[in-house]
Amino acid sequence: MLDPKYVRSNPEEVAKLLKTKGFDFPVEQFVELENQRKELQVQTENLQSERNTRSKGIGKAKAAGEDIQPLLAEVAELGKQLDEAKANLSALQEKLEDLLVGVPNIPDASVPEGEDEEDNVEVRTWGTPRAFDFEPKDHVELGELDGQLDFETAAKITGSRFSMLKGKLARMHRALIQMMLDTQTEEHGYNEVYVPYMVNADSLRGTGQLPKFEEDLFKLPFGERHYYLIPTAEVPVTNIVRDEIIDAAQLPMKFVSHTPCFRSEAGSTGRDTRGMIRQHQFEKVEMVQIVEPSKSWDALEEMTGHAEAILQKLNLPYRVVALCGGDLGFSAAKTYDLEVWLPGQQKYREISSVSNMTDFQARRMQARWRNPETKKPELAHTLNGSGLAVGRTLLAVMENYQTADGKIEVPEALRPYMGGVTEV
RNA sequence: GGAGGGAUGGCUGAGUGGUCGAAAGCACUGGUCUUGAAAACCAGCGGUCCGAGAGGGCCCCAGGGUUCGAAUCCCUGUCCCUCCGCCA
């Protein structure tokens, strides 16, 4: 959520900045509601003040043994007025809240302008796509050769957009997870956490998936309420600090977690239907940092490097792109995507996304730190990034490490995790 | 599933329907003392919203209710703890 004070005093500017994200901020409606709110709030608080003073008076009179009947009569009408004012005020505040909670984060000044992914800006590239002396296959074809990647059985068990791995390929998938976790914990100082894969609505509101993007989630009825399958570990891990006031000494907090992710893909029917690029269920190793505000931009660069380290270990060619305003996510102020080279598609495809959410999620979550300078609780900054999407990494390894006879060479970095297996 | 107990400031923990936003301790900040530090002593110290300010409102798990007045009484829910049963 944006800072209501800031929005209140600069509604036009907010509208202008949000336009770069393709969002129309309803300035007039907001200002109108705000003015009403102010008037009602003052009125209500005056009534409350009046009631408090009178009630105290009654208490004193009673203690002094005086007759309180006349005082009670005076107060009779006050209660009704107060109830009415309170009801009006809370209805109005709810409207304002509903409006603000649906407004995305403001892009950082450094974010390139643009409407969609076509306008993203390449920041750097790493590695060179391999020159094949045969026609490279895509991962679906490679998987079919010895049946280790099986979409049909997964479709029978569940439905479309699910996959099943077998044998050495399943092991390589697991090896990737171990390698990623070990790298982030042992080399980059992250604290590994194991978290729930189902979360409540408060957590999703905290990170920004609710209320706007409910249709992207799997929702599970549970008693009178609902739980949701996590779309990313960002949700449970970032919510570790929801409603907390963190000691400055504990910052930065750096968490890494491996979880499955579940997405309904409601808005993407027909996109990436072939292969395991876009699945309802996939594994991801996620990095999350909670930092003091002045450090978040450095942390974004650092975290991007932590994700890149995995691709470099696997010797997979990739590029880093800065997302343009129109392609930025709801909660992000700035995002770098890592795109890995896929010989099967002859394209770079997203394999990681690293974002600085600034104080946007922290405000929704009330995640604060105590600033030693001011001694006051202030909003922290939150960041998250994939390190990496495991399914997509697996298919990138398959396509980049394929041999002419349709086998897959095991990358050096994975061999310690594969019990010496060199070919899948 | 059954039976009990609990939830209060950064943390621990008192709290009688009416000067209770709340004792005390810890932590923290400042001071005295000290060559320096520790200890001791003194003082300060919750969060949030409105307001230019003066000042005021709200917050004792959450939501309702009773009352002129609720941390305190009543109802519902959530979470935690103990015991029994079941269970990977």
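The model shown is predicted, which means the values in this text are computed figures rather than measured ones.
- Spacing of C1' atoms, G21(B) relative to G9(B), comes out at 9 Å, to the nearest Å.
- Among the duplex regions that RNA chain B forms, those built from at least three successive Watson-Crick or G-U pairs under 3.5 Å are B:1-7 with B:78-84, B:10-12 with B:24-26, B:28-32 with B:40-44, B:46-50 with B:55-59, B:61-65 with B:73-77, ordered by first number.
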Quick one: which protein N/O atoms are closer than 3.5 Å to N/O atoms of nucleotides 47-49 of chain B? Pair and distance per line, please.
residue, atom, partner, partner atom, Å
G47(B), OP2, K376(A), NZ, 3.4
G47(B), O3', R368(A), NH1, 3.3
U48(B), OP1, R368(A), NH1, 3.2
C49(B), O2', Q41(A), NE2, 3.1

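- A close approach under 4.0 Å does not occur between any side-chain nitrogen or oxygen of R54(A) and OP1 or OP2 of G18(B).
- The side chain of N52(A) places an N or O atom within less than 4.0 Å of a non-bridging phosphate oxygen (OP1 or OP2) of C58(B).
- Without hydrogens or angle criteria, R364(A) side chain to R205(A) main chain gives a donor-acceptor distance under 3.5 Å.
- A39(B) and G31(B) are spaced 16 Å apart, taking the P atom of each and rounding to whole Å.
- Taking side-chain N and O atoms only, K56(A) has no distance below 4.0 Å to OP1 or OP2 of C68(B).
- At the heavy-atom level, N46(A) lies nowhere under 4.0 Å from the strands shown.
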Practice prompt. Run the numbers on N52(A) and S49(A) for side-chain hydrogen bond (donor to acceptor under 3.5 Å, both in side chains), then give the verdict.
Written response: CA-CA 5 Å; N52(A) 292 345; S49(A) 173; over 6 Å; no
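- Between the C1' atom of U67(B) and the CG atom of L78(A) lies a distance of 15 Å, rounded to the nearest Å.
- Per the geometry, CG belonging to D247(A) stands 14 Å off C1' belonging to C26(B), to the nearest Å.
- The separation between I68(A) atom CD1 and G17(B) atom C1' is 13 Å, rounded to whole Å.
- Remark: P of C50(B) and CG of L96(A) are 11 Å apart, rounded to the nearest angstrom.
- Checked by atom type and distance alone, the side chain of T185(A) pairs as donor or acceptor with a backbone atom of D182(A) at under 3.5 Å.
- N105(A) places a side-chain N or O within donor-acceptor distance of the main-chain N or O of S331(A), the cut-off being under 3.5 Å.
- One can place CG of N371(A) at 14 Å from C1' of C28(B), the figure rounded to the nearest angstrom.
- Atom P of U82(B) sits at a distance of 25 Å from the matching atom of U76(B), rounded to the whole Å.
- The side chain of S49(A) approaches G57(B) more closely than any other nucleotide in the set G18(B), G57(B), U19(B).
- Summarising the geometry, the separation between CG on D202(A) and C1' on C61(B) is reported as 13 Å, rounded to the nearest angstrom.
- In summary, the side chains of Q43(A) and E39(A) do not present any donor paired with an acceptor at a separation below 3.5 Å, with no hydrogens or angles considered.
- Distance check on atom P: C20(B) versus U32(B) gives 34 Å, rounded to whole Å.
- Which of G69(B), G18(B), U19(B) sits closest to the side chain of I58(A) comes down to G18(B).
- F218(A) and H280(A) have their aromatic ring centers within a separation under 6.0 angstrom.
- Nucleotide U29(B) holds its P atom 14 Å from the CD atom of E373(A), rounded to whole Å.
- Each of K38(A) and T44(A) lies near RNA chain B, and the nucleotide nearest K38(A) is the one positioned closer to the 5' end.
- Considering only side-chain atoms of K62(A), the nucleotide from G18(B), U19(B), U78(B) that sits closest is G18(B).
- Comparing G5(B) with C73(B), their P atoms are spaced 14 Å from each other, to the whole Å.
- Annotation: K19(A), atom NZ; neighbour count of heavy atoms from other residues, nucleotides and ligands within 6.0 Å does not exceed 12.
- The separation of C83(B) from U19(B), taken at their C1' atoms, amounts to 44 Å, rounded to a whole angstrom.
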